[in-house]
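Reading through the structure tokens given below for one structure.
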Amino acid sequence: MNTQGSFLISPNSTYRSFDTQERQSDKHQISAQEQGEDYFQKAVGFHEEGDLVSATGYFKRAADKQNPLGMLFYGLSLRHGWGCQPNEHLAFIFLQKAGEIVVPHVKDMDPTVAGMAREELAMAIYELGQSYRHGWGVSRNKKTAAYYFEVAADLGDADAQSDLAACYEKGDGVKRDMKRAAHYYRLAHKQGVELFGTSWIFKKKYD
């Protein structure tokens, strides 16, 4: 009998209470994640239809649900003024936050998701690199710029391939490496990028 007027709680009842709370929390998190993905899919649809105002609105909703791709594309919209007023500083905040989440796992992403918006994803990551190169909303950092250029280049962005090649050729933010420079120049060339004064990249020693 409890003679102190306090409640006795058994270990099992305590466990059940916490377990219930965890399940409710997990359910809420999953719901937010699914909602973010749904907003992103709607945004892509509007974007493809040319309705940039609606697309940007849904990119923001997805971003607010912590959807990484939503953050990337909302940042891109803010950078270029797609369906909204340009805001360089805010664009960088969203691009950076998304980059920290997405970039380390790009190669492990679900192929259906990566393939669906591969070009746009590469472009957004390239834009993040440009932010660091030019100091758009952040202090200039050539090393970080080259890092993001390489991620975007490996996703197939031709501009990123060309810029990364120039980085390796000049040792700009990376260790100078003419063979890697030739490799990325060649990739950009295959995609139709006009390269001037780079005939050297086709020499056999750079194969």
Side-chain angles (χ1 to χ4, degrees), residues 44 59 63 67-80 82 86-207:
V44 171
F59 281 141
N67 180 276
L69 293 177
M71 294 178 196
L72 274 172
F73 294 119
Y74 183 52
L76 196 60
S77 297
L78 288 168
R79 165 68 53 72
H80 296 289
W82 294 344
N87 188 321
E88 190 173 281
H89 178 68
L90 192 58
F92 173 76
I93 291 175
F94 277 95
L95 288 172
Q96 182 186 44
K97 189 173 182 180
E100 291 173 351
I101 299 172
V102 175
V103 171
H105 307 289
V106 163
K107 294 181 180 179
D108 300 323
M109 289 178 64
D110 183 335
T112 60
V113 176
M116 175 192 64
R118 189 179 184 88
E119 290 183 10
E120 290 85 354
L121 177 61
M123 186 197 315
I125 295 173
Y126 171 63
E127 290 284 340
L128 187 54
Q130 289 281 52
S131 296
Y132 280 102
R133 167 183 270 186
H134 299 290
W136 293 339
V138 66
S139 298
R140 291 184 180 184
N141 188 317
K142 294 180 179 180
K143 183 176 180 180
T144 304
Y147 167 74
Y148 285 117
F149 286 161
E150 187 150 359
V151 175
D154 289 342
L155 280 172
D157 187 271
D159 290 328
Q161 291 166 350
S162 179
D163 283 357
L164 178 62
C167 289
Y168 277 117
E169 181 184 4
K170 301 172 184 176
D172 198 4
V174 292
K175 184 177 179 180
R176 193 165 185 260
D177 188 326
M178 299 302 287
K179 190 169 184 177
R180 289 184 70 80
H183 169 70
Y184 284 105
Y185 272 136
R186 289 178 181 182
L187 290 178
H189 176 73
K190 286 181 180 179
Q191 297 201 70
V193 175
E194 292 186 14
L195 305 173
F196 301 98
T198 56
S199 58
W200 59 270
I201 69 174
F202 299 106
K203 291 183 179 179
K204 189 172 181 60
K205 67 178 181 179
Y206 294 120
D207 288 348

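Reckoned from all heavy atoms, side chains included, excluding hydrogens, waters and symmetry mates.
Contacts classified as salt bridge (charged side-chain N to carboxylate O under 4.0 Å, His left out) and involving residues 159-175 (residues at least two apart or in different chains) are given here: R133-D163, K142-D172. Screening residues 179-197 for salt bridge (charged side-chain N to carboxylate O under 4.0 Å, His left out), with sequence neighbours left out, gives E150-R180, R186-D207.
For the side-chain hydrogen bond (donor to acceptor under 3.5 Å, both in side chains) test, residues two or more places apart in sequence or in another chain that qualify with T144 are N141. In this structure Y74 satisfies the ring-ring contact (aromatic ring centres under 6.0 Å, His included) test together with F94, sequence neighbours excluded. In this structure E127 satisfies the side-chain hydrogen bond (donor to acceptor under 3.5 Å, both in side chains) test together with R79, H80, sequence neighbours excluded. In this structure, N87 has no side-chain hydrogen bond (donor to acceptor under 3.5 Å, both in side chains) partners at least two apart in sequence or on a different chain.
In this structure, L128 CG and L72 CG are separated by 8.0 Å, a value rounded to the nearest 0.5 Å. Note that CG of D177 and NE2 of H183 are 10.5 Å apart. Values are rounded to the nearest 0.5 Å. With rounding to the nearest 0.5 angstrom, the CG atom of L78 is 11.5 Å from the NE2 atom of H89.
When all heavy atoms of C167 and A146 are compared, the pair lying nearest together is SG-CB, 4.4 Å. Looking at every heavy atom in both residues, L76 comes nearest to L95 through N-CD2, 4.0 Å. Annotation for G75 and A91: closest pair O-CB, 3.3 Å, computed over non-hydrogen atoms. Residue P68 comes nearest to A98 through the heavy atom pair O-CB, 3.4 Å, listed as atom of the first residue, atom of the second, then distance. The two residues A152 and A160 make their nearest non-hydrogen contact at CB-CB, 3.6 Å. When all heavy atoms are compared, the tightest approach of A153 to L164 is CB-CD2, 4.0 Å.
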side-chain contact (heavy atoms from CB on, under 4.5 Å) evaluation trace for Y168 with M178: CA-CA 6 Å; Y168 277 117; M178 299 302 287; over 6 Å; no
Steps toward side-chain contact (heavy atoms from CB on, under 4.5 Å) verdict (Y184, S162): CA-CA 6 Å; Y184 284 105; S162 179; over 6 Å; no
Candidate pair Y132 and V138, rule side-chain contact (heavy atoms from CB on, under 4.5 Å), full reasoning: CA-CA 6 Å; Y132 280 102; V138 66; 3.8 Å; yes
Full working for side-chain contact (heavy atoms from CB on, under 4.5 Å) between W200 and Y185: CA-CA 10 Å; W200 59 270; Y185 272 136; 3.9 Å; yes
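Under the 6.0 Å cut-off for aromatic ring centres, Y126 and Y148 do not qualify, their centroids lying 6.0 Å or more apart. You'll find the ring centres of F59 and W82 outside the 6.0 Å limit.
Put simply, the side chain of R140 gets close to the backbone of H134: a donor and an acceptor are under 3.5 Å apart.
You'll find the side chain of H189 reaches within 4.5 Å of the side chain of F202, heavy atoms only.
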